[in-house]
Amino acid sequence: MQRTLAMHMKNNGTKNSFFQSLLDRKTFTLTYELVPGRGAGGKKIDRLLEFAHRANKDGRITALSITDNAGGHPSLAPVAIGSEIQRIGLEPLIHFSLKDKNRNQIESHLFLYQRKRFHNLLILGGDFPKATYYGQAKPVYDLDSIQTIQLIERMKAGHYRHVHGNNPHALPFSFQCGCVVSPFKMTEAEQVWQYAKLLKKIRAGATFIITQVGYDLKKYEELVRFLSDHKVRIPVLANVFIPSPAVAKFMAQGGVPGILLPPALADLMQSEKKEDRLLRAAGMAAGLRKLGFAGIHLGGNGLDFDDVALVLDQAEELYKKDAIAPAGIDFPIAHGWSLYRPKGKQHNRLHPGTRPGARPLHHLVHRLLFSGTNPLSISFAAFCRLCDRHTISRRLLIFAERIIKEILFNCRMCGDCTLPESTYLCPQSGCPKKLVNGPCGGSNGGRCEVFPDRRCFYVRVYLRLDQKTTLEDLAGAPILPPKDWSLEHSSSWINYFQGRDHTTPKAD
Ligand code: SF4
């Protein structure tokens with residue numbers, strides 16, 4: 001898992017100050033998150049640009065990140081503010097959210113960002129789209145974050161699409177892909193999945209990490225230890241968010257998917273002055289620097305550059321004086337689950353597979369029909385291939401598959417069945433984001449971000465796993481490719497035996 005980060009800089013034709021700063025172990029990298037709202041201009045945009053001018057003059061912040069339809073709401077596309085920030089002289093870090101983009105739009109945006117000479121993308125699934133024009137927007141999630149990072153890496157390596165051009169002045173296609181992890185999950189299943197998926201994202205090509213927002217220092221420490229144990233050397237930025245009292249209350253009530261702000265902290269913030277919140281953030285920044293994070297990803301609402309400058313001044317002073325008081329900055333998650341035991345080097349024991357349900361039976365039937373080695377499977381394969389030769393027999397088989405799998409698995413007939421990879425639970429009907437490579441970060445207390453009355457699909461998967469499954473098994477599982485939408489409503493049985501589904505590797 002050890003990464004040679006210098007390799008990632010090799011093809012980079014232009015200077016990427018943000019990533020160079022991350023690679024320089026002596027530098028503590030600072031970024032700040034800008035959130036463009038609805039509309040192309042106005043006071044909010046003026047304030048963002050004013051912030052960028054001040055930050056550039058100040059010189060401590062290396063990159064400004066720009067959110068992409070944050071919170072599932074439509075807003076000014078990040079390319080607009082990103083270009084202006086670049087002109088001002090700062091490095092933009094573009095959030096690349098997948099909730100609103102299909103794979104064509106993803107490529108199209110990559111070409112746009114290539115043309116704009118952006119270097120850094122933060123790849124994330126994004127919050128489920130909210131109701132807007134005529135109601136709920138269609139959630140896309142055509143590729144997940146792992147598949148998108150993989151696509152970018154293949155394009156960089158020249159294995160897919162011609163992106164470097166023939167002339168000596170070709171535009172660089174040298175994006176550094178960041179990814180997100182939450183060490184702040186409450187349940188074992190969610191936390192184990194977060195770490196396993198992080199390792200998969202790194203395997204796909206992520207070169208830096210930004211954490212979810214959190215206020216539990218022990219969990220930050222756990223992440224550092226987990227990465228060290230797994231010999232992950234890529235830089236990690238800790239996310240320090242300074243909410244207004246109203247936003248803190250909203251977050252504490254679970255209003256922002258995936259963020260756990262302890263109610264005690266939200267209550268405290270109601271009676272505090274702004275300066276108290278800024279000083280707490282400074283203490284956190286200094287404390288996290290001591291823990292070994294490569295930098296801080298700062299954010300907040302209702303802040304101007306003077307506020308952020310105060311945080312940076314104070315953080316530097318506290319760090320230099322080694323005067324960090326954990327009491328005022330550490331707000332543990334109540335009943336949170338930890339990967340490590342409080343003392344000693346051991347992991348806590350994992351408990352996957354406590355509710356296996358019908359998985360063992362489904363697994364047995366699957367092996368009998370699809371292994372391709374026993375007589376029943378050989379006959380079933382021949383039967384499916386025969387049915388595929390004629391329209392009527394193919395339709396009859398599709399009808400039979402639809403009835404059987406609708407009853408057993410709530411099947412949506414996607415045509416490329418991944419049931420065996422998800423303990424015989426269907427991600428197409430079970431996960432609102434239809435994720436096939438692990439969960440998003442939006443769950444809360446084991447509950448789904450989109451349907452809080454339901455268990456997160458991947459928590460259910462975890463409870464059905466073989467009991468011997470380890471975190472490393474989950475992380476090392478093959479990365480499933482994007483779905484081929486031409487298979488929709490066809491027979492996954494035929495597609496499997498005819499080599500049309502994901503089990504048969506495709507050429508680019
Ligand atoms: S064919 Fe697709 S929709 Fe049907 S059970 Fe399998 S994964 Fe789910």
Side-chain angles (χ1 to χ4, degrees), residues 98 102-103 125 128 138-147 150 193 197 200 355-372 377 380-381 383-385 387-388 393-440 448 450-451 454-466 474 477-506:
L98 303 164
N102 73 7
R103 66 196 75 179
F128 206 72
K138 183 173 183 183
V140 183
Y141 300 103
D142 188 21
L143 306 193
D144 63 29
S145 51
I146 296 174
Q147 293 161 343
Q150 222 172 30
W193 269 119
K197 194 165 175 188
K200 272 188 172 178
R355 288 183 174 204
R359 182 192 55 80
L361 182 64
H362 291 316
H363 183 59
L364 178 70
V365 174
H366 184 83
R367 285 187 56 187
L368 284 174
L369 289 178
F370 296 98
S371 68
S377 175
F380 187 57
F383 173 71
C384 288
R385 287 194 193 105
C387 287
D388 194 31
S393 54
R394 192 186 313 118
R395 282 191 184 160
L396 283 172
L397 188 68
I398 291 173
F399 182 70
E401 180 178 339
R402 187 187 294 273
I403 301 272
I404 295 168
K405 286 174 67 178
E406 165 87 48
I407 293 168
L408 289 177
F409 307 109
N410 201 8
C411 171
R412 298 288 159 91
M413 292 300 283
C414 73
D416 182 1
C417 197
T418 53
L419 280 173
E421 288 89 347
S422 49
T423 64
Y424 300 91
L425 293 173
C426 171
Q428 303 302 313
S429 57
C431 174
K433 300 184 182 178
K434 303 189 188 329
L435 299 176
V436 293
N437 284 306
C440 67
C448 173
V450 186
F451 301 110
R454 292 188 201 161
R455 262 203 185 109
C456 161
F457 175 77
Y458 278 95
V459 170
R460 289 170 59 213
V461 169
Y462 189 81
L463 298 178
R464 284 166 67 103
L465 288 168
D466 186 294
L474 293 175
I479 293 172
L480 295 182
K483 283 242 175 269
D484 177 352
W485 285 92
S486 70
L487 301 179
E488 181 91 334
H489 302 309
S490 62
S491 164
S492 70
W493 296 342
I494 292 177
N495 294 333
Y496 173 76
F497 289 118
Q498 296 287 40
R500 295 179 194 136
D501 72 0
H502 72 278
T503 56
T504 305
K506 309 246 177 334

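We count ligands from 1, going down the list as the structure has it; atoms in each ligand are counted the same way. What's counted below: heavy atoms across the whole structure, side chains too, no hydrogens, waters or symmetry copies.
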Working to the nearest 0.5 Å, report the span between [atom1] of [X] and [atom2] of [Y].
X    : Y    : atom1 : atom2 : result
K197 : L435 : NZ    : CG    : 5.0 Å
R455 : L463 : CZ    : CG    : 5.5 Å
F497 : F383 : CZ    : CZ    : 11.0 Å

Subject >> Ion pair check, E401 and K405, cut-off under 4.0 Å >> reply: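 Salt bridge flag = yes for K405 with E401.
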Original post:
Pick from D416, D388, D484: which one makes a side-chain hydrogen bond (donor to acceptor under 3.5 Å, both in side chains) with R500?
Top reply: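 Of the listed options, the one satisfying the test is D388.
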Original post:
Can you tell which of R367, R359, H366 makes a side-chain contact (heavy atoms from CB on, under 4.5 Å) with P420?
Top reply: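 Of the listed options, the one satisfying the test is H366.
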Original post:
Is any protein N, O or S atom closer than 2.8 Å to atom 4 (Fe) of ligand 1, and if so, which?
Top reply: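 Protein N, O or S atoms closer than 2.8 Å to atom 4 (Fe) of ligand 1: C411 SG.
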**OP:** Name the closest protein heavy atom to atom 7 (S) of ligand 1, giving the residue it belongs to and the distance to 0.1 Å.
**Re:**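 Ranking protein heavy atoms by distance from atom 7 (S) of ligand 1, first comes T418 N, 3.5 Å.
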